Amino acid sequence: MPLIVQKFGGTSVADTQKILAAARKAIRAQQQGNQVVMVVSAMGHNTDMLVELAEQITDRPSGREMDMLLSTGEQVSVALMAMAIQSLGAKAISLTGAQIGIKTDSTHTKARIQSISTERMQRFLDAGNIVIAAGFQGIDEDFNITTLGRGGSDTTAVALAAVLRADTCEIYTDVDGVYTTDPRVLPEARRVKQISYDEMLELASLGAGVMHSRSIEFGKKFSVPIHVRSSFSDITGTMIVASPEAANQAVCGAALVRDEARITIEGVPDRPGFSYAIFSKIAARRIAVDMIVQNIGAEGRATISFTVPKEELPNALEATNEAAKEISAKAVTFDEEVAKVSVVGLGMAEQTGVAQKMFRALAEAGINIQAITTSEIKISVLCHRDQASSALRVVHKVFGLENEPANKLQPNAILPHGNGNTALEVVRHLQGMEDLTIDEITLDESQGRVTLLGIPDQPGLAAAVFEEIAAAGVFVDMIVQSFGQNSTASISFTVQQSDMPRSIETAERLAKRFGCAGVSSSPKVAKLSVLGIGIRSNTSVAMRIFQSLSEVGINVDIMSTSEVRLNVVVDGNKGKEALAILQQVFEPAR
Ligand code: ADP
Ligand code: ASP
Ligand code: MG
């Protein structure tokens with residue numbers, strides 16, 4: 001018998017009328033011949049209210065008690081949902097995370113799922129019940145209640161769909177699908193019919209709050225077709241699948257994280273191991289760092305910046321200050337007023353000109369880019385928070401995201417369930433369902449690096465650089481613009497070795513025109529890429545790379561992270577050695 005998982009978010013169960021409406025949807029699905037598992041969030045803003053209550057008592061509540069508190073929201077809604085279904089004449093039973101057997105680790109308030117037992121759910125389903133599971137919660141080895149992180153009911157839903165081998169996981173919410181960007185911020189945003197796991201994963205982790213990014217990790221790992229749709233209508237929403245029927249666009253969406261904070265460590269003695277000292281302390285606090293950028297400054301001392309979610313700033317600063325002392329760095333600075341704007345698209349890897357188009361549009365709108373990182377399928381820039389919305393609008397416009405792509409998709413196209421068996425095979429080898437999986441580690445020795453040093457802090461520089469490099473017929477791979485005040489920032493990029501002479505020439509010309517401090521380059525670099533699932537959300541990946549490379553004296557020159565890959569650029573003569581080391585480090589996850 002087909003099985004459907006239906007997840008209802010907070011607004012979709014905000015009052016009893018909405019609970020009854022959701023109950024009717026589930027009953028209808030059952031009457032159509034499906035077994036139905038519902039995953040339900042806390043009603044309305046209940047979780048926010050619980051957070052506020054805790055804040056009225058202490059600003060440092062214990063994680064364990066916070067989870068005890070937050071999990072009550074979902075317990076209320078599952079019970080009401082079961083009553084609603086029963087009152088409408090169908091059979092239903094509500095279950096908490098513990099009752100289902102959702103085992104997690106003990107990282108309170110952001111626990112990761114380790115295993116889920118299906119036996120109990122299956123028994124109730126087989127007896128004709130609609131099973132109503134509390135989202136967002138689990139239980140650790142010691143019977144402590146845990147929660148998965150805000151928005152985590154999506155992850156519960158997709159995880160249940162994965163273990164139950166559901167035919168579809170329907171995410172009912174207050175929008176009718178995934179849009180090119182948050183329609184509440186930009187009304188011109190357009191609903192997309194299909195999107196790939198990789199693109200959705202990036203968008204979600206770069207700020208598209210419509211899905212919890214870890215839910216997409218499950219989707220991808222276990223090939224769960226996810227249908228994001230409206231609770232308030234029956235129209236087809238957006239399918240998240242392995243490979244959408246290609247829409248010929250370089251960019252499929254844009255996202256904004258308004259509340260970021262930047263931390264910079266200045267005057268770091270430039271020797272292997274300093275990054276490890278910093279990021280091991282951050283990872284120990286389970287903080288996912290983002291946009292790691294570094295540059296070599298004066299007197300062989302480096303500057304490293306990274307961003308963290310604003311609410312993690314105090315915690316991250318504590319860790320950074322400890323590390324700064326250990327490695328005798330000169331200063332730690334931070335900025336709480338930054339926002340990150342990103343564009344995402346699988347087509348970006350093949351198309352040139354995406355970066356410069358974005359940088360030019362931002363420059364023309366007078367938006368100063370404080371830092372840049374790119375990976376194969378995304379570009380992120382950091383700007384001042386006051387300019388965040390206009391930056392998003394500008395970027396959305398320049399890529400024409402409001403327009404339907406030329407390559408039209410079939411309406412109602414629902415892709416079949418993918419390679420579920422092999423995914424389950426993989427899982428048997430994983431201790432925890434959310435463990436890191438590494439698909440591949442690659443080495444690219446074909447590139448060189450060019451760096452413009454001491455760039456002035458003004459809009460338009462990045463646009464000019466990449467326009468002129470493109471005009472010289474050069475395809476740029478990685479781009480990193482580091483943060484720095486008083487002309488201490490730099491822009492580095494990598495190109496094919498055969499393009500180095502033209503690239504250096506262009507960079508030197510621009511350095512003169514813009515009054516940069518100079519140009520440095522490396523004729524041959526080695527780019528190593530670690531590809532898999534959970535690369536960024538497993539906070540230890542970057543740290544393990546820094547650690548293992550520093551142990552053998554290999555310095556990381558540039559790095560970029562995304563949800564599905566982490567790239568590091570090292571000395572061109574150290575590529576093979578670095579590859580062997582990374583293969584050894586990540587062997588257990590392969
Ligand atoms: P739920 O409570 O159902 O989980 P959320 O509030 O978590 O709902 O997610 C839905 C919201 O996500 C929408 O109301 C919308 O404002 C926001 N959102 C952000 N980015 C996007 C996007 N790219 N597409 C659709 N909605 C988005
Ligand atoms: N109720 C939780 C939250 O508000 C989980 C969720 O809704 O997904 O974050
Ligand atoms: Mg949500």
Side-chain angles (χ1 to χ4, degrees), residues 6-14 18 22 38-52 66-67 69-78 96-97 109-111 133-138 145-160 169-195 199-216 226-232 237-238 240 251-258 311 341-345 389 392 395-396 401-402:
Q6 298 185 323
K7 180 251 168 182
F8 292 86
T11 22
S12 310
V13 292
K18 293 199 172 106
M38 290 175 98
V39 174
V40 187
S41 291
M43 292 170 71
H45 296 290
N46 212 346
T47 311
D48 293 331
M49 270 162 46
L50 295 169
V51 171
E52 270 162 38
M66 202 62 194
D67 280 349
L69 177 69
L70 296 189
S71 63
T72 61
E74 271 67 13
Q75 200 169 330
V76 170
S77 22
V78 287
T96 64
T109 74
K110 39 184 153 173
F136 168 64
Q137 55 178 261
I145 294 176
T146 53
T147 64
L148 308 180
R150 294 305 304 271
S153 294
D154 296 330
T155 296
T156 307
V158 183
L160 290 184
C169 182
E170 296 183 325
I171 305 289
Y172 286 95
T173 183
D174 59 359
V175 269
D176 55 9
V178 176
Y179 279 65
T180 49
T181 197
D182 188 342
R184 272 197 251 185
V185 181
L186 289 193
E188 63 267 38
R190 175 179 51 83
R191 183 160 55 93
V192 299
K193 297 198 173 76
Q194 291 189 358
I195 189 167
E199 287 165 319
M200 192 64 233
L201 198 47
E202 293 297 345
L203 280 173
S205 90
L206 294 169
V210 62
M211 291 296 287
H212 195 229
S213 73
R214 277 161 50 200
S215 70
I216 312 297
I226 302 170
H227 185 181
V228 182
R229 59 192 306 187
S230 169
S231 300
F232 312 120
T238 301
I240 308 174
V251 173
C252 76
L256 168 66
V257 180
R258 208 180 284 278
E311 72 269 12
V341 175
S342 311
V343 295
V344 170
S389 301
L392 184 71
V395 166
H396 194 268
L401 292 179
E402 67 278 20

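Note that the structure is a prediction, hence the values are computed from the model and not measured. One-based numbering, in listed order, for ligands and for the atoms of each.
The ring-ring contact (aromatic ring centres under 6.0 Å, His included) search around Phe8 returns Tyr172, not counting sequence neighbours. Applying the salt bridge (charged side-chain N to carboxylate O under 4.0 Å, His left out) criterion to Arg150, with sequence neighbours excluded, gives Asp48.
In this structure, Gly177 counts as a contact residue of ligand 1, since one of its heavy atoms falls inside 4.0 Å of the ligand. Under a 4.0 Å heavy-atom criterion, Gly73 is not in contact with ligand 2. In this structure, Met211 has no heavy atom closer than 4.0 Å to ligand 1. Not a single heavy atom of Gly10 sits less than 4.0 Å from an atom of ligand 2. Residue-ligand proximity: Pro183 is placed with a non-hydrogen atom under 4.0 Å from ligand 1.
If you take CD on Gln137 and CD on Gln75, they are separated by 7.0 Å, rounding to the nearest 0.5 Å. Note that CD of Glu188 is 10.0 Å distant from CG of Leu401, once rounded to the nearest 0.5 Å. Considering CE of Met200 and CD1 of Ile195, their distance stands at 5.5 Å, rounded to 0.5 Å. With rounding to the nearest 0.5 Å, the separation of CZ in Arg190 from NE2 in His396 is 7.5 Å. Note that CE of Met211 is 10.5 Å distant from CG of Leu201, once rounded to the nearest 0.5 Å. Note that NE2 of His227 and CD of Gln194 are 10.5 Å apart. Values are rounded to the nearest 0.5 Å.
The protein heavy-atom contact nearest to atom 7 (O) of ligand 2 is Ser41 OG, 3.1 Å. Gly10 N, 3.1 Å is the protein heavy atom nearest to atom 2 (O) of ligand 1. Taking atom 27 (C) of ligand 1 as the reference point, the nearest protein heavy-atom neighbour is Val210 CB, 3.5 Å. Of all protein heavy atoms, the one closest to atom 24 (N) of ligand 1 is Tyr179 N, 2.8 Å. Ranking protein heavy atoms by distance to atom 6 (C) of ligand 2, first place goes to Ser153 OG, 3.3 Å. The single protein non-hydrogen atom nearest to atom 6 (O) of ligand 1 is Arg184 NH2, 4.2 Å, given as residue, atom name and distance.
Taking every heavy atom of Gly152 and a limit of under 4.0 angstrom, the matching atoms of ligand 2 come to 5 (C), 8 (O). Listed by atom number, the atoms of ligand 1 under 4.0 Å from Val175 heavy atoms are 13 (C), 25 (C), 26 (N). Interface atoms of ligand 2 facing Thr47, defined by a heavy-atom separation under 4.0 Å, are 1 (N), 2 (C), 3 (C), 4 (O). Annotation for ligand 1: atoms under 4.0 Å from non-hydrogen atoms of Val178 are 24 (N). Taking every non-hydrogen atom of Asp174 and a distance limit under 4.0 Å, the qualifying atoms of ligand 1 come out as 10 (C), 11 (C), 13 (C), 14 (O). When each atom of ligand 1 is checked for a heavy atom of Thr173 under 4.0 Å away, the hits are 1 (P), 3 (O), 8 (O), 9 (O), 10 (C). Ligand 1 places these atoms under 4.0 Å from at least one heavy atom of Gly209: 7 (O), 9 (O), 12 (O), 19 (C), 20 (N).
The nearest pair of heavy atoms linking Asp67 to Thr146 is OD2-CA, 3.3 Å. Nearest heavy-atom pair across Gly10 and Ser41 is N-CB, 3.6 Å. For Leu69 against Leu50, the heavy-atom pair with the smallest separation is CD2-O, 3.4 Å. In terms of heavy-atom proximity, Ser153 sits nearest to Phe136 at OG-CB, 3.5 Å.
For ligand 2, the polar-atom distance check against Gly149 finds no nitrogen or oxygen pair separated by under 3.5 Å. Some N or O of Lys7 is nearer than 3.5 Å to an N or O of ligand 1, by distance alone.
The option from Asp154, Asp182, Val13 that lies nearest to atom 15 (C) of ligand 1, judged by heavy atoms, is Asp182. Of the candidates His212, His45, Arg150, it is Arg150 that places a heavy atom closest to atom 9 (O) of ligand 2.
Looking only at distances, no side-chain donor or acceptor of Ser215 sits under 3.5 Å from a matching main-chain atom of Thr155.
The residues Arg184 and Asp174 are annotated as salt-bridged, a charged nitrogen and a carboxylate oxygen being separated by less than 4.0 angstrom.
Contact annotation: for Leu203 versus ligand 1, there are no heavy atoms closer than 4.0 Å. Heavy atoms of Glu74 found under 4.0 angstrom from ligand 2 belong exclusively to the side chain.
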